[in-house]
Undergrad: 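Sharing a structure, written as structure tokens. Questions coming.
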Amino acid sequence: MAVVETYAGYGPIQAQRFSPYADNGGSIVAIAGEDFAVIGSDTRLTVGYAINTREQNKLFRLSDKTVLGSCGCWCDVLTLTRVLNARMMMYNHEHQKVMGTQAVAQLLSTMLYYKRFFPYYVSNILAGLDENGKGAVYHYDPVGHYERNYYYAGGASSALLQPFLDNQVGLKNMENVTKEIISLEKAVAVVKDAFISAAEREIHTGDAIMINIIDKNGIREEKFALRKD
Amino acid sequence: MAHFGMDPFSAGPLWHNGPAPCGIYNFPGRPTEAAGGFIERSKQPITTGTSVMAFKFDNGVEKGVAIAADTLGSYGSLARFRDCRRLFKVNNQIILGAGGDYADFQYVQSMIDQKNIDDECLDDGFSMKPKAIYTWLTNVMYNRRSKMDPFWNNFVVAGIQDGEPYLGSVDKLGTAYEDNIIGTGLGMQLGVPLIREAFEKKPLMSRSEAQQLLVHTMEVLFYRDARSFPKYQIGIVTADGVTISDPLYLDNQKWGFALYVSLSLKPEIMCF
């Protein structure tokens, strides 16, 4: 920290170094099934130990088949999603069709890598239906690495949520289990349970969760209360 | 920002000589590093204002947004300027409250004044709505933070959007959110819980009740915020328009509890 001007009669004051990033917390969970995808995020927006708002939706509907969950540095989330919407609109006008989930997934990766040396400090999880109507979940790192998966957790509580999903959705570390694809009811229940547990132990996650269920009929929205302390 | 120029994998600029969709736009006439030479950046705020408090109220008859800020311009720990008014009437349906660097606030004020003039020149009878100012501010603040040259402010936008109360906040990074109760600085820690508690007891508040609550909040903030001042303004936006009070003074300050504390510090009571 640089020492700046000495005030008359007082000791030197330390300059606050400007950081263009903030950690605004928040967590996201997504699970893909045979013909649906579920994505949930908490609604708490924090800075340090303070809560900015308890009602911040972090899920962004990009089309009738695709939802993006985004958290981390909130100003970057706002900018990223705004530009992403613009790019999807440009695609729509140019090709006269709505961008598919796979194409959005690739576009998001490209957009993140474009800022490789001044990254968007953001955890992204994209959920939707692919071109065959199957559930799809893509997860990203802040600079554009991405991978398709069946389930994933991201954000402040990812280290708490992911092992739980590994066990309950991936059926990992269990003996004598028959591996079967998860049902919609189970997926929604797992998302709720995962967040309830995370909110117990992680202060940047809480207040409520927004759940989006994406299937061939469109997107349904559900809200579920979490602890508010 | 040379990296954000054109490359073969990126989308083209949105307009001639404009930015690519992910890029950062440099407004004409502003110095850039690419133009050669050094540019100055603000590394810390100088003359600063402290908290801004605001909340929506609605009792079925009267609805609007109430906002308050004191009038102190602090110079570090020195209470330097005593009449720095931080509530700005943007138009008949918006009040902008500002904390942080006062010079940056005045610069943003002049930008908004120019926007109002441009709006007036169109002569179409429309003026900016709160959401428009909020979005514009978010973009301006994010643009400046991306150049590592931020406006060192917390802004609170209070207004009436299509007949409904509107309240939003934007900080120096471009972090933006809307809520029913917003406080900046120490107001977020001390003021918001007070207001929330009052709303839990009485969810439907009239204009005068809102004003009383705000006075109480400013009083509590004055007791505990070392950078605050007993002179403050209250602004109220309703569908009928904007009113910003002349500076009010916190009379009826209650320092009795301090006396109580000093009394109970007698040695025989201390030995428990």
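Hydrogens, waters and symmetry mates are skipped; everything else that's a heavy atom, side chains included, is used. Letters A, B, ... are given to chains in the order of the sequence lines, protein chains preceding strands, and every chain is numbered from 1.
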Undergrad: Of the listed residues (D76(A), I51(A), L84(A)), which shares the most heavy-atom pairs with chain B below a 4.5 Å separation?
TA: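 It is D76(A).
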Undergrad: Can Y107(B) and F151(B) be said to form a ring-ring contact (aromatic ring centres under 6.0 Å, His included), step by step?
TA: CA-CA 9 Å; Y107(B) 185 81; F151(B) 287 128; 5.7 Å; yes
Undergrad: Considering only heavy atoms, which portion of V77(A) lies under 4.5 Å from any heavy atom of chain B: side chain, backbone, both, or neither?
TA: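 Contact with chain B: none, neither part.
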Undergrad: Could you walk me through whether E222(A) and K192(A) pass the salt bridge (charged side-chain N to carboxylate O under 4.0 Å, His left out) check?
TA: CA-CA 11 Å; E222(A) 208 177 297; K192(A) 288 177 182 172; 2.9 Å; yes
Undergrad: Report which part of N24(A) has an atom under 4.5 Å of a heavy atom belonging to chain B: side chain, backbone, both, or neither.
TA: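 Interface part for N24(A): side chain.
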Undergrad: Honestly, is R80(B) close enough over Y102(B), meaning NZ or CZ under 6.0 Å from the six-membered ring centre and within 45° of the axis?
TA: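 Pair R80(B)/Y102(B) does not count as cation-pi.
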Undergrad: Could you look at Y177(B) and say if it's the side chain, the backbone, both or neither that has a heavy atom under 4.5 Å from chain A?
TA: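 Contact with chain A is through both the backbone and side chain of Y177(B).
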Undergrad: Checking heavy atoms, do the side chain of L14(B), its backbone, both or neither come under 4.5 Å from chain A?
TA: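 The side chain, not the backbone.
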Undergrad: In terms of the angle between their ring planes, are H95(A) and Y91(A) parallel, tilted or perpendicular, with boundaries placed at 30° and 60°?
TA: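 Geometry flag for Y91(A) against H95(A): tilted rings.
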Undergrad: Please determine, by modelled atom types, if T205(A) and S27(A) share a side-chain donor-acceptor pair under 3.5 angstrom.
TA: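 T205(A) vs S27(A): donor-acceptor pair found between side chains.
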Undergrad: So Y166(B) and Y134(B), ring-ring contact (aromatic ring centres under 6.0 Å, His included) or not? Walk me through it.
TA: CA-CA 10 Å; Y166(B) 179 89; Y134(B) 169 80; 5.7 Å; yes
Undergrad: Name the region of N139(B), side chain, backbone, both or neither, that has any atom closer than 4.5 Å to a heavy atom of chain A.
TA: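 Side chain only.
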Undergrad: Check whether any side-chain heavy atom of I211(A) sits under 4.5 Å from a side-chain heavy atom of E221(A), and report yes or no.
TA: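 I211(A) vs E221(A): side chains apart.
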Undergrad: With only heavy atoms counted, which part of Y120(A) is less than 4.5 Å from chain B, the side chain, the backbone, both or neither?
TA: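 Answer is side chain: those atoms of Y120(A) sit under 4.5 Å from chain B.
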Undergrad: Tell me if the aromatic rings of Y152(A) and Y138(A) count as close, with their centers under 6.0 Å from one another.
TA: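 Y152(A) vs Y138(A): aromatic centres not under 6.0 Å.
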Undergrad: Under a 4.5 Å heavy-atom cut-off, does chain B meet the side chain of T53(A), its backbone, both or neither?
TA: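 Contact with chain B: backbone and side chain both.
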Undergrad: Taking every heavy-atom pair that is under 4.5 Å apart, which of A176(B), S169(B), G183(B) has the most such pairs with chain A?
TA: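 The candidate making the most pairs under 4.5 Å is A176(B).
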Undergrad: For the residue pair N153(B) / K172(B), report whether a side-chain donor-acceptor contact shorter than 3.5 Å exists.
TA: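 Looking only at side-chain atoms, N153(B) and K172(B) do not form any donor-acceptor pair under 3.5 Å.
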Undergrad: Is T138(B) in contact with chain A via its backbone, its side chain, both, or neither, using a 4.5 Å heavy-atom distance?
TA: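 Interface part for T138(B): side chain.
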Undergrad: Could you tell me which portion of R82(A) (side chain, backbone, both or neither) has an atom closer than 4.5 angstrom to a non-hydrogen atom of chain B?
TA: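 Just its side chain gets close to chain B.
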Undergrad: Measuring heavy-atom distances to chain B, does A86(A) have an atom under 4.5 Å in its side chain, in its backbone, in both, or in neither?
TA: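 Contact with chain B: none, neither part.
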Undergrad: Is L80(A) in contact with chain B via its backbone, its side chain, both, or neither, using a 4.5 Å heavy-atom distance?
TA: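 No part of L80(A) comes within 4.5 Å of chain B.
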